[in-house]
There are 2 protein chains.
Amino acid sequence: MRQRLKDVAERAGVSVKTVSNVVNGYVHVRPDTRARVEKAIAELNYRPNLSARHLRKGRTGVIALAVPELDIPYFAELARYVVTAAAAYGWTVLIDQTGGRREQERVVASGITDHLIDGLIFSPLALTAEDLAGLDGTPMVLLGERVEHGPADRVVIDNVTAAREITDHLIQLGHRRIAAIGSQRTDEGASARLRLAGYADALRAAGLDYDETLVAPASAWHRADGAAAMQGLLTSGVRPDAVFCFNDTLALGALRVLHEAGLRVPEDVAVVGFDDIEDGRFSIPTLSTVAPDKARIAQLAVELLANRLDGDRAAPAKELSAPYRLELRESTQTP
Amino acid sequence: MRQRLKDVAERAGVSVKTVSNVVNGYVHVRPDTRARVEKAIAELNYRPNLSARHLRKGRTGVIALAVPELDIPYFAELARYVVTAAAAYGWTVLIDQTGGRREQERVVASGITDHLIDGLIFSPLALTAEDLAGLDGTPMVLLGERVEHGPADRVVIDNVTAAREITDHLIQLGHRRIAAIGSQRTDEGASARLRLAGYADALRAAGLDYDETLVAPASAWHRADGAAAMQGLLTSGVRPDAVFCFNDTLALGALRVLHEAGLRVPEDVAVVGFDDIEDGRFSIPTLSTVAPDKARIAQLAVELLANRLDGDRAAPAKELSAPYRLELRESTQTP
DNA sequence: CCATCGTTCTACAACGTTGTAGGCAACGTT
DNA sequence: AACGTTGCCTACAACGTTGTAGAACGATGG
């Protein structure tokens, strides 16, 4: 059976509250009493009941991270960093998968994990600012640009500038017919919109035309979608000499199709991605990409949450920006 | 502020318990009362406090999944399936990363998530049966062969047979100098030991010698470790005509090194992996592998946990086996 | 018309924890 | 010797929920 404070108290011959004081490190406990209690705790293998503690204190020590899909490497890597960053605050992280579906995201946001968690780090795909309005509950930190002007703290990276820079890298290398893969019609694609904007900026700055036939949509951003989009570009007859994929998994799918078509990367077609997932460091060829500082994103998100929890919950929403850098590898440069 | 049953009760003009009955779908509530209560719930946006409910009922509706690392694609994919399978039971899944460190695994097993979770699905790397003995707490389902004859339910796949079959596939193709990557000296590598045994079995059955110089250890099973091991094999001068990597990420690392060495796959060296992660379906070349039925593994694990929670907690530990199949792709066969 | 029964609802206690208020020694100060 | 102060400890209440016991009510059967 599970042991309670009461069991420990009886065994140590003290009151329940004294045991509680020992467990919580309260100062005014005589050394010998403390020792007796600690002995009893050890003998009974006592563990506090977090639900009861939470009920009393209003804190669980658990935060949630909600992402669209765990088997998208970017989110898996991010999850790892969040878990690490949260550990510094003694927090456990509960990970939620929304599938990117608005309904599920709404449920998460409005607190399916009701009262079980102290706060939420949330990477929404489909959620709107309205869904978030009127939410009074759990403190929340948003990742990415999906919800602008929302009521919650945010951590972002400068997608437009990053996309411009990586596109510019392709231009510097002499590429002129640069395709883009990953645009999205729906208004769900906030990242897609910003990266497309950066891409267009770079072309304009270099005096290149923005050619719609070179822009391939991708409803989701998996390898298979990248493969399909690349296939579409090739069969439609437009012949890009470079491709900017809006994330790395799209790029890996594109690499695969280029390989099957007998085109060499980077000699015939250069390819860049976005996210810097581990796969891209070992793919053939290795993948040039925009590398957001995921550790920093996670750390900032956790810090924002910590401040919100300890500080003023009504303070105006803050927005922090995390750095990124370009990782230039074989897919744009011969070794 | 957060709303409680009491607030709803006052607004609806009924007792607290009646609101509780409505929330829990108790039958004997007059339709008009129920409607009034539901109206009040909606107006106040009431959400039950799970901690309080748990304290009272002894159930949280949360289970934990503990894996070594989330950014190992196999575990990320598995996590996805577990979350899906658990949803069928109305459970939320809390995901824990142990890093494969024994100390952390011990903490998780002995219930760091104390009383917060109803059960635990656990994929240990370093834990021993002794660590688990004497644990009376949370019901647990173990994944994999790490802990044999432990006190908990298990879901496994037949690693030895699977390894034998994929090795045999290489032998059937005419390969004779078949290397293995991923063996482990420490007793932590239960999967490694079993896969190595299957590999040796296949060689023996075909009348081939087991050559120690062809067996490369890998302390962890990341891409970088596979790359290092493959590099080691190549520089040591042994010249395998095929490589069995004990998981897919090792294989992807090996593919990369073979590519850098100018060796063609599968013409010069055939490569197989284990796990069937998504990367292997898009790598260049695509990767032949053993494909464990991850969805089934997750489903069985969740079912075992459900039975344990609802049924006899003292019943003898059960062990279930999940199927697998061979996925033969380009890395062993020219298209 | 009364006893009985089922339905609908309420009051109370309890889950395990911690904050608050307070008691009792032992101590130092006047 | 009387006083306040400090250290150590205990008793009690409360967090929000649900199980149990039972009250009030109307319907049913004899």
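Any value given below was found using the heavy atoms of this structure, including those in side chains, with hydrogens, waters and symmetry copies removed.
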Tell me the interatomic distance from [X], atom [atom1], to [N], atom [atom2], rounded to whole angstroms.
{"X": "B:Leu55", "N": "D:dT18", "atom1": "CG", "atom2": "P", "value": "11 Å"}
{"X": "A:Gln3", "N": "C:dT17", "atom1": "CD", "atom2": "P", "value": "10 Å"}
{"X": "A:Asn49", "N": "C:dG16", "atom1": "CG", "atom2": "P", "value": "7 Å"}
{"X": "A:Arg59", "N": "D:dC15", "atom1": "CZ", "atom2": "P", "value": "19 Å"}
{"X": "A:His28", "N": "C:dG19", "atom1": "NE2", "atom2": "P", "value": "15 Å"}
{"X": "A:Leu50", "N": "D:dC15", "atom1": "CG", "atom2": "C1'", "value": "15 Å"}
{"X": "B:Lys6", "N": "D:dA14", "atom1": "NZ", "atom2": "C1'", "value": "11 Å"}

Quick check on contacts: within residues 31-42 of chain B, what sits under 4.0 Å from DNA chain C by heavy-atom distance? B:Thr33

Can you tell me which nucleotide in [options] comes closest to the side chain of [X]?
{"X": "B:Lys57", "options": "C:dG19, D:dC15, D:dT18", "result": "D:dT18"}
{"X": "A:Asn21", "options": "C:dT17, D:dT10, D:dT17", "result": "D:dT10"}
{"X": "B:Leu5", "options": "D:dT17, D:dC15, C:dT17", "result": "D:dT17"}

Considering residues at least two apart in sequence or located in another chain, which fulfil the side chain to side chain donor-acceptor pair (under 3.5 Å) criterion with B:Glu43? B:Arg11, B:Lys39

Which residues satisfy the side chain to side chain donor-acceptor pair (under 3.5 Å) test with B:Arg296, sequence neighbours excluded? B:Gln299

Residue-phosphate contact under 4.0 Å: [X] side-chain N/O, [N] OP1/OP2:
{"X": "B:Tyr46", "N": "D:dT17", "result": "yes"}
{"X": "A:Arg56", "N": "C:dG16", "result": "no"}
{"X": "A:Arg53", "N": "C:dG16", "result": "no"}
{"X": "B:Asn24", "N": "D:dT18", "result": "yes"}
{"X": "A:Arg4", "N": "C:dT17", "result": "no"}

Check each residue of residues 10-20 of chain A for a non-hydrogen atom within less than 4.0 Å of any atom in DNA chain D, then write out the ones that pass by number, or none. A:Val14, A:Ser15, A:Lys17, A:Thr18

Under the side-chain contact (heavy atoms from CB on, under 4.5 Å) criterion, do A:Tyr89 and A:Leu305 qualify, and how do the steps go? CA-CA 11 Å; A:Tyr89 288 86; A:Leu305 205 50; over 6 Å; no

Residues in side-chain contact (heavy atoms from CB on, under 4.5 Å) with B:Glu10, at least two apart? B:Lys6

Residue pairs passing the ring pair (Phe, Tyr, Trp, His ring centres under 6.0 Å) test with at least one member in residues 9-53 of chain B, sequence neighbours excluded, are B:Tyr26-B:His28

Once you apply the 3.5 Å cut-off to both distances, tell me the Watson-Crick or G-U wobble partner of C:dT30, or none. D:dA1

CD1 (B:Ile121) and CG (B:Leu94) are apart, to the nearest 0.5 Å, by 12.0 Å

